[in-house]
Each structure stands twice: as C-alpha cells, then as structure tokens.
Amino acid sequence: LVAHTAEEVKPVLEAVEALSREGRWCVGYLRYEAAEAFDPAFAVRAGEGPLAWFGVHDAAVPWPETMAAAVPSVDWQAGLSRAGFDRNMQAIHRAIANGELYQLNYTAPLRAEFQGNARDWFMALRNAQPNGYAAFIDTGDEQVLSVSPELFFDRQGDRILARPMKGTAPRGATAVEDEAMALRLRTVPKERAENVMIVDLIRNDLSRVAQPFSVRVPRLFHTEALPTVWQMTSDVEAKLRDGVSLVDVFSALFPCGSITGAPKVSAMRMIRDLEPEARGVYCGAVGVVRPGGHATFNVPIRTVTLRGTEARCGIGSGITADAEADAEWDEWRH
C-alpha cells in the first residue's frame with residue numbers, strides 16, 4: 001500500500017486498518033512530510049520517496065535470531081558546520097524571545113557510503129541498541145533500519161499510550177558518575193522544561209480523540225539507560241472515544257510533538273525554514289498494525305534510510321530558551 005501524494009495518505013491508513021480487521025499484519029512507515037495530509041497548516045519541504053508505505057502480510061513468523069554478520073564501518077559525515085549550527089541556534093532563540101514558540105526540535109542529516117548488506121547492518125544496530133521499537137523495512141527502492149527507543153503511540157482497543165522522549169545526558173564512566181548523570185537529567189530545569197512542554201502538547205493532541213477527562217500522565221520524568229546516553233521519557237495515556245479510527249489517531253497526533261516542538265504549527269514552519277531538506281522517514285512514524293487493529297508506532301529517531309549505497313541518518317535535539325549551543329552540540333555528538 002503506497003501513498004505518493006498527501007491525498008493518498010488517509011486512504012492508505014484506512015486500507016491498513018481494514019486489512020488488519022480481516023486478520024492481516026501491516027508493517028510500514030509514514031514520512032515526516034505526510035503531515036500535510038492531516039493539516040494543511042503543517043509546513044513541510046518536498047522530498048523524494050512515498051509519503052506512506054505498508055507491506056501487507058498474511059501471518060507473522062519468528063524473527064531469525066542469528067548472529068549478525070560483520071559489517072563494514074560507516075564514516076558518517078555531517079553537512080552542517082558548527083558556524084551554521086550557531087547561526088540557527090541564534091535564530092531559534094530570537095523566535096522564542098519574540099513569543100513565536102516555546103521549543104523547537106532542530107535536526108540535521110548525516111550521510112555515509114555503505115557497501116555491505118542492509119539486513120546484516122540492521123542486526124548489528126539492533127544488537128548495539130537492544131530493547132527498542134525496532135523495524136527493518138525493505139521496499140525495494142530503499143531500506144529503513146530503525147532501532148528507535150521512542151514510542152510514538154500504542155493503541156489497543158479503546159486504550160492509547162504515548163511516551164515522548166525529551167531530555168538527554170551522556171552515560172558516566174563509572175557507576176557513581178552514571179547515576180549522577182541520570183539524577184542531573186531528572187532535576188535540571190532545562191531538561192524538565194523541555195520534557196513537560198511536549199507532555200502538555202501531547203496531552204492536548206490526545207484530548208482530540210479521547211473521552212472527556214480520561215487523559216492522564218501516570219509517569220513523568222522517567223530516565224532510561226541506553227548504551228551511550230540517558231534519555232528522559234514520560235507516559236501520556238487516554239481512553240479513546242467510540243469509533244476512533246487509525247486515521248483519527250494520526251490526524252490528532254502526527255507528527256509527534258517531541259520532534260516538532262511547541263506550538264506544533266509554528267515549530268514546523270520554522271523547521272521548514274531552517275532545515276535545508278526534507279526529513280523523510282526520520283521523525284515520521286514506523287510501525288505495525290496487528291490483526292484486530294492493535295497498532296504500535298515508533299518515532300523514527302536512531303533510524304537509517306539506505307538507497308543504493310547512500311545511507312542517511314538524522315540527529316537533533318529540543319531547543320528551549322535556556323539551551324546553550326555548546327551543550328546542544330555535545331548532545332548531538334553523544
């Protein structure tokens with residue numbers, strides 16, 4: 001199921017849901033640029049590749065838990081200079097000071113040449129960062145290798161859970177230093193503000209499809225240990241109104257506020273102006289819709305897209321009024 005235009009995105013999602021009700025498994029993605037299908041106010045850049053793509057399967061089979069083969073090393077190259085980064089940070093801070101937005105999630109692409117086997121590379125990435133919302137999708141024209149740790153949403157029946165990830169700190173060299181890093185992440189005002197702004201945005205987004213008074217935040221400022229960084233997540237959950245479809249859920253939530261900033265419309269407009277190219281699958285949604293309609297999608301960070309031998313991966317962070325260029329640059333490196 002493929003959508004090449006914004007007008008085709010909702011019909012693809014409707015077909016995905018209908019097929020899942022018939023017992024099929026649907027696995028695929030929406031590019032960040034699919035946002036214009038849900039709200040014409042969402043500003044995006046034109047990009048290449050389909051806006052939505054789903055493979056439809058009759059049954060699920062166990063993943064072959066074989067050891068990954070050796071893969072060649074990858075030399076990532078950033079297209080953004082430190083001087084360009086600093087200029088854009090200043091522009092974001094001016095926009096915040098002028099009251100145009102509270103937070104902007106600013107990103108840039110990395111590129112590399114890759115000559116090996118895409119599936120082997122995915123297995124190596126998955127072994128290096130286990131326990132994420134991982135997916136390997138081969139459309140023929142491109143391969144998506146996602147080992148994202150961030151849950152966009154999990155919808156089962158009338159229950160929905162979102163788990164935005166905002167706030168990052170490096171891991172420590174010792175157990176004591178490591179715990180100190182996690183404690184600092186949970187308590188520094190900048191990191192907490194970055195997280196709670198997006199929690200509020202997602203609470204508001206969920207309320208568009210939720211039963212009145214059912215939106216809750218049962219867990220706030222939870223630190224999760226990943227191999228090279230600590231990340232801070234919060235849980236936002238709700239009970240959906242009767243008749244809410246997969247299209248309704250995407251219309252309310254997409255793209256995830258954690259990778260736009262707040263308010264979403266203003267942040268996306270500035271993202272389009274600052275970032276020189278389309279984000280693509282990065283910052284869109286990758287997931288599976290199981291038989292019966294149970295849907296789980298990640299926010300595709302830590303995600304590589306591969307076309308031929310060209311690999312692309314995005315990095316970024318949430319910029320608030322008190323974000324400092326040196327600290328954000330270091331966070332991107334971590």
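No side-chain heavy atom of Met165 sits under 4.5 Å from any side-chain heavy atom of Met232. Using a 4.5 Å heavy-atom threshold, the side chains of Val304 and Trp76 count as touching. Contact annotation: the side chain of Ser245 never approaches that of Glu14 to less than 4.5 Å [non-hydrogen atoms, C-beta and beyond]. In this structure, the side chains of Val16 and Arg24 stay at 4.5 Å or more apart for every pair of heavy atoms. When side chains are defined from C-beta on, Tyr133 does not count as touching Asp154, because their heavy atoms never get closer than 4.5 Å. Contact check for Phe152 versus Phe254: side-chain heavy atoms found under the 4.5 Å cut-off. Two residues are said to be in side-chain contact when any heavy atoms from C-beta on lie closer than 4.5 Å; His334 and Thr168 fail this criterion. The side-chain heavy atoms of Arg290 and Thr296, taken from C-beta on, include a pair separated by under 4.5 Å.
Salt-bridge annotation for Glu142 and Arg31: present, with a side-chain N of the basic residue lying under 4.0 Å from a carboxylate O of the acidic one. Here Glu310 pairs with Arg111 in a salt bridge; the nearest charged N to carboxylate O distance falls below 4.0 Å. At a threshold of 4.0 Å, the pair Arg269-Asp273 does not count as salt-bridged, since none of the basic side-chain nitrogens sits closer than that to a carboxylate oxygen. Arg21 and Glu17 are joined by a salt bridge, as a carboxylate oxygen and a charged side-chain nitrogen come within less than 4.0 angstrom of each other. For Glu277 and Arg312, the salt-bridge test passes: some basic side-chain N is under 4.0 Å from an acidic carboxylate O. Contact check on Asp248 versus Arg241 returns no salt bridge, with no Lys/Arg side-chain nitrogen under 4.0 Å from an Asp/Glu carboxylate oxygen.
A distance-only check finds no donor-acceptor pair linking the side chain of Lys264 to the backbone of Phe42 [under 3.5 Å]. Glu275 contributes no side-chain N or O that, together with a main-chain N or O of Ala108, makes up a donor-acceptor pair within less than 3.5 Å. At least one donor-acceptor pair closer than 3.5 Å links the side chain of Thr303 to the backbone N or O of Ile301. Within the 3.5 Å criterion, the main-chain N or O of Gly167 finds a donor-acceptor partner in the side chain of Gln231. Using modelled atom types, no side-chain atom of Gln143 and backbone atom of Ala118 make a donor-acceptor pair closer than 3.5 Å. Between the Arg45 side chain and the Arg272 main chain, a donor and an acceptor come within less than 3.5 Å of each other. Without hydrogens or angle criteria, His93 side chain to Ile319 main chain gives no donor-acceptor distance under 3.5 Å. For the pair Asp39 (side chain) and Ala41 (backbone), a donor-acceptor distance under 3.5 Å is present.
Listed here is the closest heavy atom pair of Cys256 and Ile202: SG-CD1, 4.0 Å. Scanning all heavy atoms of the two residues, the minimum distance from Phe297 to Ala285 falls at CD2-CB, 4.0 Å. Of all the heavy atoms in Gly316 and Glu331, the pair that sits closest is O-OE2, 4.4 Å. Scanning all heavy atoms of the two residues, the minimum distance from Thr107 to Cys283 falls at CG2-SG, 4.5 Å. The nearest pair of heavy atoms linking Val299 to Ser148 is O-OG, 2.6 Å. When every heavy atom of Leu240 is checked against every heavy atom of Gly157, the shortest pair comes out as CD1-O, 4.1 Å.
A donor-acceptor contact under 3.5 angstrom links the side chains of Thr223 and Arg186, judged on distance only. Side-chain contact annotation: Asn105 with Gln103, donor-acceptor N/O pair under 3.5 Å absent. Thr309 and Glu113 share a donor-acceptor pair across their side chains, judged by distance under 3.5 Å alone.
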Next on the checklist: Using side-chain contact (heavy atoms from CB on, under 4.5 Å), reason through Leu206 and Leu253 one step at a time and then give a plain yes or no.
Outcome noted: CA-CA 7 Å; Leu206 273 178; Leu253 298 180; 3.9 Å; yes
Next on the checklist: Show, in sequence, the C-alpha distance, side-chain angles and deciding distance for Tyr102 and Leu201, and conclude whether the side-chain contact (heavy atoms from CB on, under 4.5 Å) test is met.
Outcome noted: CA-CA 11 Å; Tyr102 303 109; Leu201 188 156; over 6 Å; no
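Summarising the local packing, CG of Asn131 is surrounded by 12 or fewer heavy atoms from other residues, nucleotides or ligands at distances under 6.0 Å. Around atom CD of Glu48, no more than 12 heavy atoms belonging to other residues, nucleotides or ligands sit under 6.0 Å away. Within a 6.0 Å sphere centred on CZ of Arg82, other residues, nucleotides and ligands contribute more than 12 heavy atoms.
A cation-pi arrangement, defined by a distance under 6.0 Å to the six-membered ring centre and an angle within 45 degrees of its axis, is present between Arg119 and Trp63. In this structure, Arg171 forms a cation-pi arrangement with Trp230, its terminal cationic atom sitting closer than 6.0 Å to the ring centre and no more than 45° off the ring axis.
Pairs engaging residues 250-261 under the side chain to side chain donor-acceptor pair (under 3.5 Å) rule: Glu150-Ser258 [sequence neighbours left out].
The cluster map of Ile, Leu, Val, Met, Phe, Trp and Tyr, joined by side-chain heavy atoms under 4.5 Å apart, puts Trp329 and Leu110 in the same cluster.
Taking Ile, Leu, Val, Met, Phe, Trp and Tyr as hydrophobic and joining them when side-chain heavy atoms fall under 4.5 Å apart, one finds Val281 in a cluster with Val2, Trp25, Val27, Tyr29, Trp53, Ile137, Val144, Val286, Val288.
Aromatic ring centres of Phe153 and Phe250 lie closer together than 6.0 Å.
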